[in-house]
Amino acid sequence: MAIACIGLAVAASAVGCASETAEPTSQPMLAALGAESYQQYCASCHGPEGRGDGPAAAALRERPADLTRIAARRGGEFPDAEIATYIDGRFELSAHGTREMPIWGEQLGESLAEGVHPDEVVRGRILTLVEYLKSIQRSE
Ligand code: HEC
């Protein structure tokens, strides 16, 4: 079954396979797209490998999160929806004081061609970023 799952994950979706493994799974093609966006938009703060050590990190009040340990911080669970909502930022109520993370739901929808529906583009970009983050999780 595990071997069949690898093929399925590459094809279209890992639904049905994801729950069988303890490690968060990812969709390689989406993750590859997300990797590009990550280097463009996120690496300055979170570091080239997601460890929270980007060149802009020193100027922040709060240290950017180590994004390779999102699941480790949550007992091994990678909460897709929570992370997507967090990255988007438009639907966060500022209960935790000021946010140093940019509101990506606004930033990623800017300067788009006419006729493009920003929400679809924003959702797509955030989806690929989430898949990329899932692919770089480590447990140690
Ligand atoms: C200006 C610096 C900066 C940039 C750029 C940035 N972040 Fe962050 N990020 C932070 C900081 C600081 C935190 C810690 C919480 C806070 O202060 O908002 C954080 C927290 C996070 C978290 C929460 C982790 C957790 O375990 O809850 C995620 C996910 C995240 N960032 C993803 C991203 C992604 C994806 C991008 C690129 C689209 C990005 N960040 C770009 C500064 C940044």
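Read the numbers this way: they start at 1 and go in the same order the structure lists the ligands and their atoms.
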From [X] [atom1] over to [Y] [atom2], what is the distance, rounded to the nearest 0.5 angstrom?
X	Y	atom1	atom2	value
Ile103	Leu108	CD1	CG	11.5 Å
Cys42	Leu133	SG	CG	7.0 Å
Ser139	Arg69	OG	CZ	8.0 Å

Could you go through ligand 1 and note, for every N or O atom, any protein N or O atom closer than 3.5 angstrom, writing the atom names and distance to 0.1 Å, or 'none'?
residue	atom	partner	partner atom	Å
ligand 1	7 (N)	His46	NE2	2.8
ligand 1	9 (N)	His46	NE2	2.8
ligand 1	17 (O)	Glu62	OE1	3.0
ligand 1	18 (O)	Tyr86	OH	2.8
ligand 1	26 (O)	Arg73	NE	3.4
ligand 1	26 (O)	Arg73	NH2	2.8
ligand 1	26 (O)	Arg74	NH1	2.9
ligand 1	26 (O)	Arg74	NH2	3.4
ligand 1	27 (O)	Arg74	NH2	2.9
ligand 1	31 (N)	His46	NE2	2.9
ligand 1	40 (N)	His46	NE2	2.8

Has Arg99 got its NZ or CZ under 6.0 Å from the middle of the six-membered ring of Tyr86, at an angle within 45 degrees of the ring axis?
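Yes, cation above the ring, under 6.0 Å and within 45°.
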Taking Asp66's backbone N and O only, do any of them form a donor-acceptor pair with Arg73's side chain (distance below 3.5 Å, no angle check)?
yes
More than 12 heavy atoms of other residues, nucleotides or ligands under 6.0 Å from CD of Gln39: is that the case?
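More than 12 within 6.0 Å, yes.
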